[in-house]
Q: 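Before I ask anything, let me first share the structure, which is written out below as structure tokens.
Here the structure is a predicted model, which means the values were calculated and not measured. Atom set for the values below is all heavy atoms of this structure, side chains included, hydrogens, waters and symmetry mates excluded. Throughout, a chain's letter reflects where its sequence line sits, starting with A, and its residues are numbered from 1.
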Number of protein chains: 2
Amino acid sequence: MSRASDRAYAAIRAELMSGALKAGEQVTEDQLCQLAGVSRTPVREAVRRLENELLLVRSDTKRLFVADWSGDDIEEMFALRQMLECHAAERAATRLTAEQIALLETANRELTAAVDQPVPDVARFLEANRSFHENIIEAAHSPRLAGLLARLVEAPVLLRTARTYSPEDLRQSGRDHDELIAAFAARDPEWARAVMGSHLRRAFHTFARAVGPDMGRTRS
Amino acid sequence: MSRASDRAYAAIRAELMSGALKAGEQVTEDQLCQLAGVSRTPVREAVRRLENELLLVRSDTKRLFVADWSGDDIEEMFALRQMLECHAAERAATRLTAEQIALLETANRELTAAVDQPVPDVARFLEANRSFHENIIEAAHSPRLAGLLARLVEAPVLLRTARTYSPEDLRQSGRDHDELIAAFAARDPEWARAVMGSHLRRAFHTFARAVGPDMGRTRS
DNA sequence: AACAGGGTTATTGTATACAAATTGCCGACG
DNA sequence: CGTCGGCAATTTGTATACAATAACCCTGTT
């Protein structure tokens with residue numbers, strides 16, 4: 001992470017996540033250079049990565065814009081993620097070691113701890129959640145699957161500012177994870193797949209409800 | 001395609017496909033510059049694309065090598081492709097226009113014409129086959145799905161030199177495509193998914209048989 | 001003979017200058 | 001008043017020089 005292009009990537013990504021760069025807005029490479037404090041060469045490399053992760057998009061004439069996800073885009077992304085991550089859960093069920101299952105339990109204890117407070121710590125929840133899912137993908141032993149998912153998982157976080165997490169939603173996620181762990185402990189691929197499917201599909205509807213009935217179809 | 005980076009991409013890719021650059025071999029950026037006749041900047045951009053498509057890989061210390069796919073890698077890739085392309089076929093069944101279906105018929109006529117000769121024209125077959133599948137993915141109207149598949153479809157072609165296409169294999173592909181067209185014409189997503197699944201799974205076994213029992217597990 | 005150390009070469013990473021392309025503006029003309 | 005064309009400014013694309021880092025070889029020591 002000490003390379004200039006990595007720092008540029010992190011810096012630009014942070015700006016996108018914080019909302020300092022708004023969806024649909026044009027950005028120039030020079031702008032991003034100033035922002036990251038490096039020259040255009042590493043910035044261009046970082047931009048390629050972000051384009052690949054669909055956080056930035058190029059117009060037909062190569063001009064650069066912050067991605068603006070429509071409701072359809074989000075639904076599509078969730079559908080793809082569900083397909084791939086169900087597959088990962090299925091594979092993981094027969095491949096997880098006892099140590100890895102213990103890791104999942106640890107991550108989910110952290111997750112529930114973040115929720116079981118007077119005021120839930122959403123950032124802590126998100127980090128534990130990310131770790132939980134990452135461990136499953138890791139255990140699926142399918143490096144290309146992992147690469148594909150990497151492109152899908154992070155993108156919608158862009159919209160997290162718009163989202164209102166209810167404590168009940170967060171708790172339900174914890175329970176889903178518990179059942180997932182049970183399916184893994186039973187070495188039951190079908191069970192794991194099914195739980196993952198309902199987990200992600202519920203997440204989609206929670207997300208859709210939070211963002212609004214039109215799911216971002218009205219742009220600002 | 002007139003951009004230097006695009007030309008570099010095409011040139012390097014051609015070298016990989018022709019087998020002039022062998023699997024596992026190290027390549028340097030300067031080498032690729034000479035090869036493409038452009039400077040390192042566009043070459044580096046082309047290399048990023050090829051890394052993304054898994055045709056090139058980087059060692060832990062950033063040195064560049066031609067990808068060397070193991071049998072497990074190939075099986076994994078086929079499994080992912082099947083999952084995604086079945087999904088594409090299912091979506092396409094309800095979205096293809098009459099014109100697009102006609103396009104598929106044209107592509108498959110070209111494909112069978114390439115086969116129905118004293119000596120089948122494999123290159124022409126591959127091109128028609130690529131066009132056929134591309135049209136389906138296009139019709140699925142899922143740009144991210146298309147992006148994911150792009151990373152998977154082209155990679156194993158690297159190994160096509162090792163492959164012996166029997167005329168019967170090629171003819172069977174044409175018949176699969178015909179049934180796929182029938183499923184699309186009937187607007188039956190389930191049918192389309194099933195046909196695509198068996199089509200790709202058969203292709204996998206044909207491929208595995210042609211490459212050999214160990215599927216490349218013995219590297220040269 | 002094996003191995004550690006240091007210096008040399010090869011390779012990748014970054015900055016900068018310049019070229020090509022695109023956009024937007026402004027005036028001339030219908 | 002609209003619109004067409006071209007000039008100026010902005011933005012992206014490429015080449016090249018230089019810096020940082022990793023691999024290699026060679027020697028000296030044990």
Q: Please list all pairs passing the side-chain hydrogen bond (donor to acceptor under 3.5 Å, both in side chains) test where one or both residues lie in residues 86-96 of chain A, with sequence neighbours left out.
A: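 Qualifying pairs, neighbours excluded: A/Glu90-A/Arg193.
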Q: Once side-chain contact (heavy atoms from CB on, under 4.5 Å) is applied, do any residues pair with B/Ala20, and if so which ones, sequence neighbours excluded?
A: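 By the side-chain contact (heavy atoms from CB on, under 4.5 Å) rule, B/Ala20 matches B/Glu15, B/Ser18.
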Q: Nearest to the A/Arg63 side chain among C/dA21, D/dT11, D/dT21, which nucleotide is it?
A: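 It is D/dT11.
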Q: Taking for each residue the nucleotide of DNA chain C with the nearest heavy atom, is it A/Ser59 or B/Lys62 whose nucleotide lies nearer the 5' end?
A: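 The residue closer to the strand's 5' end, by nearest nucleotide, is B/Lys62.
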Q: Mind checking side-chain hydrogen bond (donor to acceptor under 3.5 Å, both in side chains) for A/Arg58 and listing every partner two or more places apart, or none if nothing turns up?
A: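 Once residues adjacent in sequence are excluded, the partners of A/Arg58 under the side-chain hydrogen bond (donor to acceptor under 3.5 Å, both in side chains) criterion are A/Glu51.
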Q: Report the distance from atom CG of A/Leu32 to atom P of D/dT12, rounded to the nearest whole Å.
A: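 From A/Leu32 CG to D/dT12 P: 9 Å.
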Q: Near DNA chain D, under 4.0 Å by heavy atom, which residues of residues 39-50 of chain A?
A: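 Hits under 4.0 Å, by residue number: A/Arg40, A/Arg44.
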Q: Would one find more than 12 heavy atoms of other residues, nucleotides or ligands at under 6.0 Å from atom CD of B/Gln117?
A: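 More than 12 within 6.0 Å, yes.
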Q: Can you confirm whether A/Glu138 is buried at CD, in the sense that more than 12 heavy atoms of other residues, nucleotides or ligands lie under 6.0 Å from that atom?
A: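 Atom CD in A/Glu138 is not packed in, count stays at 12 or less.
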Q: Report the residues that fulfil side-chain contact (heavy atoms from CB on, under 4.5 Å) with B/Thr41, sequence neighbours left out, ordered by chain and then residue number.
A: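 In terms of side-chain contact (heavy atoms from CB on, under 4.5 Å), with neighbours along the sequence ignored, B/Thr41 is linked to B/Ser39.
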Q: Separation of A/Arg7 atom CZ from D/dA20 atom C1', in whole Å?
A: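 The distance from CZ of A/Arg7 to C1' of D/dA20 comes to 13 Å, rounded to the nearest Å.
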Q: Once you round it to whole Å, what is the distance between P of D/dA22 and CG of B/Asp30?
A: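 That distance rounds to 18 Å.
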Q: Taking the minimum atom-to-atom distance to the side chain of B/Gln26, which one of D/dT11, D/dT14, C/dT11 wins?
A: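 Of D/dT11, D/dT14, C/dT11, C/dT11 is nearest to the side chain of B/Gln26.
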Q: Round to a whole Å and report the spacing from CZ of A/Arg58 to P of C/dT22.
A: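 Whole-Å distance recorded here is 13 Å.
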Q: Separation of B/Arg3 atom CZ from C/dA19 atom P, in whole Å?
A: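 It works out to 17 Å between those atoms.
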Q: Between P on C/dT14 and CD on A/Glu29, what's the gap in Å once rounded to a whole number?
A: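 One finds 15 Å between P of C/dT14 and CD of A/Glu29, rounded.
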Q: Could you state the atom-to-atom distance from OH of A/Tyr9 to P of C/dT14 in whole Å?
A: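 Value for this atom pair: 16 Å.
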Q: D/dT12 C1' sits how many Å from A/Asp60 CG, rounded?
A: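 It is 14 Å, rounded to the nearest whole Å.
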Q: Please pick, from D/dT14, D/dT10, C/dT14, the nucleotide with the shortest atom-to-atom distance to any side-chain atom of B/Ser5.
A: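 Closest of the options to the side chain of B/Ser5: D/dT14.
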Q: Could you pick out which residue, A/Thr61 or B/Val27, lies toward the 5' side of DNA chain C when each is mapped onto its nearest nucleotide?
A: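 Closer to the 5' end of DNA chain C: B/Val27.
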Q: A/Phe132: which residues meet the ring-ring contact (aromatic ring centres under 6.0 Å, His included) condition with it, sequence neighbours left out?
A: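 For A/Phe132, the residues satisfying ring-ring contact (aromatic ring centres under 6.0 Å, His included) (neighbours in sequence not counted) are A/His177.
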